[in-house]
Protein chains: 2
Amino acid sequence: MAGKISKTDQRREELRERLIGIAEARIAAQGLASVKVRDLAREAGCAVGAIYNVFTDLNGLVMAVNGRTFRKLGSHVSETVAERPQDRAQDQLITMSLAYLHFAQGNHNLWRALFDLDMSTDMDVPQWYLAELGALFALIAAPIARIFPDWPGDRVDLMTRTLFSSVHGIVLLGLQKRISGVPLDRIEAMIAALLSNVTAQAGKP
Amino acid sequence: MAGKISKTDQRREELRERLIGIAEARIAAQGLASVKVRDLAREAGCAVGAIYNVFTDLNGLVMAVNGRTFRKLGSHVSETVAERPQDRAQDQLITMSLAYLHFAQGNHNLWRALFDLDMSTDMDVPQWYLAELGALFALIAAPIARIFPDWPGDRVDLMTRTLFSSVHGIVLLGLQKRISGVPLDRIEAMIAALLSNVTAQAGKP
DNA sequence: GCGCTAATTTGAACGGCGTTCAGAATGACG
DNA sequence: CGTCATTCTGAACGCCGTTCAAATTAGCGC
């Protein structure tokens with residue numbers, strides 16, 4: 001029995017994928033708060049209890065959606081950078097930041113779910129989360145290390161986290177319609193203002 | 001009847017203040033999610049319905065708590081700056097940012113409630129919110145305008161929002177224990193790294 | 001102080017939520 | 001096909017914010 005791929009396991013895996021897709025569509029269309037077990041069960045054609053055979057709870061399902069979103073985010077950023085291989089390192093930082101902004105704007109609810117869920121629960125982060133985050137950080141660290149060739153690794157790492165957090169903050173508050181209501185080109189200008197200040201320091205102590 | 005201060009109004013106002021205090025203590029101790037109407041009613045010695053005579057709903061009560069928190073935040077930042085009147089403008093920016101960081105760390109749950117509530121509801125922001133935010137922005141804009149005396153007002157405003165959002169992002173992700181788990185002095189170093197890059201641009205185009 | 005009306009306060013009831021678990025259904029296998 | 005174990009089901013549970021008919025109380029002319 002152990003290790004076998006039974007017909008049961010196939011159905012479970014199929015249901016799992018179906019539920020992730022349904023939840024993903026719901027989050028994208030109506031936001032994280034619109035994900036309800038009874039709606040999911042009805043749309044997936046299963047019983048409410050079946051969801052708990054495949055995921056430990058609703059958070060686990062949303063976590064799976066977040067996994068997809070995080071991978072899409074990473075792909076979007078890295079592919080956008082890869083499209084412009086002749087860019088200077090300074091421009092790569094801007095390209096990546098704008099890619100982050102545009103992904104967040106184009107997938108607002110899914111992007112927000114990445115952070116809204118993590119806040120409410122206090123369980124520790126799954127390892128795929130840290131792996132994706134590390135890959136994203138590595139992507140940012142590369143141009144920084146090229147801009148500041150004489151910086152030690154830990155200083156590059158600190159600047160990597162600083163810039164990521166800063167851009168994240170700009171995007172987060174910028175897209176928060178009810179607070180600031182900033183148009184998109186102003187958010188882009190803020191990112192450019194931030195990064196031009198940092199990269200202009202190249203060659204200085 | 002209209003405009004009179006009746007005994008009823010006195011009791012309502014007293015209950016209102018009492019509920020705000022109880023909710024504030026609960027948020028500070030256990031987080032926003034621990035605020036429950038039945039607990040509040042029991043602790044305040046009133047019926048659950050009474051809460052809805054004084055606030056439109058639970059969000060309204062948390063909004064009132066957020067009002068207090070926001071005012072305390074503003075006071076903390078402005079007083080910290082006022083304690084060092086001989087500081088250069090560059091140091092004032094660092095002082096304010098660190099004051100923001102330390103307030104967020106020392107009042108973590110209350111500070112988080114400022115943003116966690118706004119996200120879930122889609123009603124527009126009350127005017128006191130915008131007023132407090134404007135006062136905070138004015139506090140930041142002053143040293144920026146001194147550092148870059150030849151900048152037009154809208155460019156100062158853009159940099160103000162850029163720096164506020166950036167510092168907010170650094171504090172937000174830095175204090176998110178489960179994701180990065182950065183010690184406090186590293187967060188301070190990130191803020192310093194960010195601001196030193198910006199202020200070092202003084203006098204440049 | 002008294003009685004009457006309108007305003008206020010009350011808390012049981014309501015609808016909706018995530019989660020569970022006894023029982024029904026379906027799998028595996030000689 | 002019979003037997004047992006595994007899986008699936010959906011009614012039930014507990015908790016939530018919110019409401020509203022009924023009880024209570026304030027306001028006021030007499």
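A quick note: this is a predicted structure, and the numbers were derived from the prediction, not measured.
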J.: Listed by chain and number, what are the ring pair (Phe, Tyr, Trp, His ring centres under 6.0 Å) partners of Phe55(B), not counting sequence neighbours?
T.: none
J.: Atom CD of Glu14(A) to atom P of dT7(D): distance rounded to whole Å?
T.: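 So the two atoms are 17 Å apart, to the nearest Å.
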J.: For residues 74-86 of chain B, pull every pair meeting side-chain hydrogen bond (donor to acceptor under 3.5 Å, both in side chains), keeping only residues two or more places apart or in separate chains.
T.: Arg84(B)-Asp87(B)
J.: Which residues, if any, of residues 15-28 of chain B bring a heavy atom under 4.0 Å of DNA chain C?
T.: none
J.: In residues 33-49 of chain A, which ones come under 4.0 Å of DNA chain C, going by heavy atoms?
T.: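 Val35(A), Lys36(A), Val37(A), Arg38(A), Val48(A), in order of number.
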J.: For His168(B), what residues pass the side-chain contact (heavy atoms from CB on, under 4.5 Å) criterion, not counting sequence neighbours?
T.: Leu172(A), Leu173(A), Tyr100(B), Trp111(B), Phe115(B), Leu172(B)
J.: Under 4.0 Å, counting only non-hydrogen atoms across every strand here, what does Asn53(A) touch: a base, just sugar-phosphate, or nothing?
T.: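 Here Asn53(A) touches the bases of the nucleic acid.
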J.: Is Arg186(A) salt-bridged to Asp157(B), cutoff N-O under 4.0 Å?
T.: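 Salt bridge: yes.
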J.: Roughly, in whole Å, what's the span from CD1 in Ile51(A) to P in dC8(D)?
T.: 13 Å
J.: Measure from CZ on Arg12(A) to C1' on dG27(C) and round the result to the nearest Å.
T.: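 Result: 13 Å.
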J.: With a 3.5 Å cut-off and sequence neighbours excluded, list the donor-acceptor pairs that the side chains of residues 42-52 of chain B form with protein atoms.
T.:
unit_1	atom_1	unit_2	atom_2	d
Arg42(B)	NH2	Asp39(B)	OD1	3.4

J.: Run the side chain to side chain donor-acceptor pair (under 3.5 Å) test against Glu132(A) and tell me which residues pass, sequence neighbours left out.
T.: none
J.: Partners of Gln30(B) by side chain to side chain donor-acceptor pair (under 3.5 Å), sequence neighbours excluded?
T.: none
J.: Only counting residues at least two apart or in another chain, list the ones meeting side chain to side chain donor-acceptor pair (under 3.5 Å) with Arg38(B).
T.: none
J.: Please name all residues satisfying side chain to side chain donor-acceptor pair (under 3.5 Å) with Glu14(A), sequence neighbours left out, ordered by chain then number.
T.: none
J.: Which pairs count as ring-ring contact (aromatic ring centres under 6.0 Å, His included) when at least one residue sits in residues 10-49 of chain A, sequence neighbours excluded?
T.: none
J.: Return the value, rounded to whole Å, for the distance between atom OH of Tyr52(B) and atom P of dC20(D).
T.: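 Nearest whole value for this atom pair: 13 Å.
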J.: Check the interface with nucleotides 24-26 of chain C: list each N/O to N/O pair with the protein under 3.5 Å, or write none.
T.:
none

J.: What is the distance, to the nearest angstrom, from the CG atom on Leu58(B) to the C1' atom on dC15(D)?
T.: 14 Å
J.: Can you tell me how far P of dG18(C) sits from CG of Leu32(A), to the nearest Å?
T.: 11 Å
J.: Please give me the minimum heavy-atom distance between Leu158(B) and Met190(A), naming the atom from each residue.
T.: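 Looks like CD1-CG, 3.5 Å.
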